[in-house]
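Just so we're on the same page: letters track the sequence lines, and every chain starts at 1.
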Number of protein chains: 2
Amino acid sequence: MSLNTLSRTLSRSRLRPSFRTLSLRFSSSSSIQSSPSSCPAPSSQNDARQGQPHFPCVDAHAARASRIMASLSQFRPTPDNTQADTGPEPPYARPNPASYHIYHHPQPLPLSYSPTPLPSFDIAYETWGTLSPAKDNVILLHTGLSASSHAASTDLNPAPGWWEKFIGPGKALDTNQFFVICTNVLGGCYGSTGPSSIEAETGEPWATRFPVLSIFDMVRAQFLLLDHLGVNKLYASVGSSMGAMQSLAAGWLFPERVGKIVSISGTARSTPSSIAMRFAQRSVLMADPNWNNGFYYDGLPPHTGMKLARQIATITYRSGPEWDQRFGRQLRQVPETPTQELGPNRTPALCPDFLIETYLDHQGEQFCLKYDANSLIYISKAMDLFDMTYPSLKALNIKPLPSPTIPSQDQLQQQQHKTSHSKSHPPPVNPPPHLSDLAAGMAPLVDIPTLVLGVQSDILFTVEQQREVADALRMAGNANVSYYELGGVWGHDTFLIDTLNVGGAIRGFLS
Amino acid sequence: MSLNTLSRTLSRSRLRPSFRTLSLRFSSSSSIQSSPSSCPAPSSQNDARQGQPHFPCVDAHAARASRIMASLSQFRPTPDNTQADTGPEPPYARPNPASYHIYHHPQPLPLSYSPTPLPSFDIAYETWGTLSPAKDNVILLHTGLSASSHAASTDLNPAPGWWEKFIGPGKALDTNQFFVICTNVLGGCYGSTGPSSIEAETGEPWATRFPVLSIFDMVRAQFLLLDHLGVNKLYASVGSSMGAMQSLAAGWLFPERVGKIVSISGTARSTPSSIAMRFAQRSVLMADPNWNNGFYYDGLPPHTGMKLARQIATITYRSGPEWDQRFGRQLRQVPETPTQELGPNRTPALCPDFLIETYLDHQGEQFCLKYDANSLIYISKAMDLFDMTYPSLKALNIKPLPSPTIPSQDQLQQQQHKTSHSKSHPPPVNPPPHLSDLAAGMAPLVDIPTLVLGVQSDILFTVEQQREVADALRMAGNANVSYYELGGVWGHDTFLIDTLNVGGAIRGFLS
């Protein structure tokens, strides 16, 4: 970044309100703050200086902005560092290219929603285990929204991955048997092409000129990587959350190349409730002035919007019962500022005061500089758009679709006798229209054994959606659907935590 | 507002990023936007001007700011209008004092969390029906978070109220029989004293120098109004949502002055989940630079933060099943801009595109200028703080508490035979500790017949919390607890909608 650019960034003045907020704590010269009061004010906000309220949780946004600006200024060009001027990649989400592999696909990728293909793309990936000579032991692992390809530690990157406990010798994805591949998703910011990548035509980041993606686009990019690796057929396609969408989409796009499907806490059709929660996140992010219509890569990223979005997301990832047990109504015992009173005279604060609030605040703070805001927007939108009903898939026009065929109730009942799993969860006798549409849409998956696993305390991908996936597959005629519902209090995040039950179901299904 | 003040407000520059956002749509001279691209961009964002993305849903914030500033500028002083300079009340939430009554209490009000009392206060109220000569037919109706005293139409204000269908001759609150009083809550912005009110000592709005309130403080202010009206004992205390908290708190503070209690979709102890949802709303509000630590009354209010907060709140007010039925996965059919393509070539937009998104956007837009941001923060905090467990009430030190006494299981079983209602929902045999604490805390309500009504699809005040209220009251020894659970798809908002079942239960209980 040049000095000029930095200066322009500063002059764009998105920092100014923050600096002003900071200054309020040390000055009462502002016209609207000039009347100090001796009246009681909310305790932790009640600064010793003249009873003037201040809010550490709000000041934190300005402090973060200052830290980011300081780190950006390190990229000012020097005689030894002229390259810094060309460095458009945001430092807050800069991946380490030495820690994973990159496949560069030089040809255009056709897209679901765009008449113009993506000119070329990169896919970052990591692997575990050994590829068999016949290349028939490959598991393609799909990630959730914001995860990188680093699902487990590797020689290149020994840090624990996001599914560390599930990948390795003797684990759910047994690397004594399988060769596991995990990619950063197309649209992401951890090495794969996304909105933060440079658009060759302009030499600038794509930003919001990047085309809207579908889950199917992401999967097609993955299969071009498989082509490159010479892998014709997957032993299994495995994923949780958004990864479960991809896992199902893989079977739909390439039924002859997918041996088994694992869909954990996913859906075949995003519901209004889950769209609403992701819309709320996108809204707070896009309302951050730093988002700047997506063009923030040479200045401050929308770090505050990202923090707020993550707080909302975290609410959907866990469950009320867990928080009852873990936090209850306990208050913070670590003061937010050195002067905060937590003793017997403690009075409530408007900033985070309950442990549940400090937990959400912390989750937001931890995340807000780790991920690219535009990637969050594009990928969450792709999740909203995911819909495997026949009419929706037909409108996509990404693959010729035969006329819908759904087995009769008689055929369904015969199929139920083929598998003991079905007996404990038979498909509904009078399915609603969208379920029939879903069965018709998912017909290409009829011959792929599929594990569907859901969690009863999941409020984002509800257990009703898990039943819907299993029902639709069975209505389509799939006689090899394994279906499990887990209890527990961990909600959507169960797939990251419950090695025993989630891992056990996967291991059993894959063996 | 003086010209100087207006000028200062503008120079504070919170508008500047918005103006800049607007200007992006008409200029490509910005350094970071100077490279028009022919590549595909998200459809509705893809402006005809050189493929430059823009976002109507984000521009809406700037447009709203301009509208507000224009209305603020109407208050510039003129020779005929010198009063305008002193007008500190925000026009976006200015109530109409002619449409309700105001009781001014000139003495100090002691507060739960503050060593210093509130010096004096106003309470706005409206009434329906006729006060009996013995003043023994009074129903005190408590509101939810953001409602005014206008629960139903009156001669002073013929507009429909927020509970219009429930108040009137022959309705749930039958004005042929009862004299109904509804107040704007202390801390609110519709006529009662709150953060937007003028602090006498400074002549300025309290803003965040206003003390943190409790639900009990609000109720004590209401009973000082009752004293003023000469009402010694209520026929019933009735409320839904936060109003249910107040309804229970009234019985707890003044057991001898409350004849019956109605608690609909409320709680006796806010849970981490509901705190989390309100925390998310406060966070987006307080992060809006216009919030300015609460001191925004002479400038732009945090309208964008309010809109975002209301979007989040709306998600908690309704339920997924209702949205499945009402919106499904339908897309908007009204273009967001004149150029938005909704025909066969439609591609997804990052701005609201699904009907569920336009619904939430609309709800936020409708609300954001109707309510005071600080009132939202203070009242939602009071809800979080509400906890009727014995230790929590004892710590409040607002009323002497006897030692806790809880009946034995034998006594409980005897009590269950006294009422048929209890048989369908007996108290738990092995209650968790917080339930015993709740029973001990709610002991003062032991002799007050209470109706507890909840909704199974409510995700904010879950049905488990309704059961908890009923269980605790019964464990405390209350033999007159009526308990109903409603089905349906309306979630928390059921109390505003379901006249038949909610209204019927109330009418039956009060008769």
Checking heavy atoms, do the side chain of [X], its backbone, both or neither come under 4.5 Å from chain B?
X	answer
A:Leu385	both
A:Tyr113	both
A:Gln311	side chain
A:Ser380	neither
A:Thr304	side chain

Sidechain N-carboxylate O distance under 4.0 Å for B:Arg346, B:Asp353: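 Salt bridge flag = yes for B:Asp353 with B:Arg346.
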Residue pair B:Asp437 / B:Arg269, side-chain heavy-atom distance below 4.5 Å: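 Contact flag for B:Asp437/B:Arg269 side chains = no.
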Heavy-atom side-chain contact between B:Arg282 and A:Glu357 under 4.5 Å: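 Side-chain contact under 4.5 Å: yes.
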Between [options], who has the most heavy-atom pairs with chain B when the cutoff is under 4.5 Å?
options	value
A:Arg278, A:Glu464, A:Arg329	A:Arg329
A:Asp361, A:Ile356, A:Leu355, A:Leu118	A:Ile356
A:Thr271, A:Thr314, A:Asp387, A:Ile377	A:Asp387

Ring centre gap for A:Phe55 and B:Trp291 strictly below 6.0 Å: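 Centroid distance A:Phe55-B:Trp291: below 6.0 Å, so yes.
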Parallel, tilted or perpendicular: rings of B:Tyr378 and B:Phe210 (30°, 60°):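 Aromatic pair B:Phe210/B:Tyr378 classed perpendicular.
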A:Arg326 versus A:Gln330, closest heavy-atom pair with distance: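 Looking at all heavy atoms of both residues, the closest pair is O-NE2, 3.7 Å.
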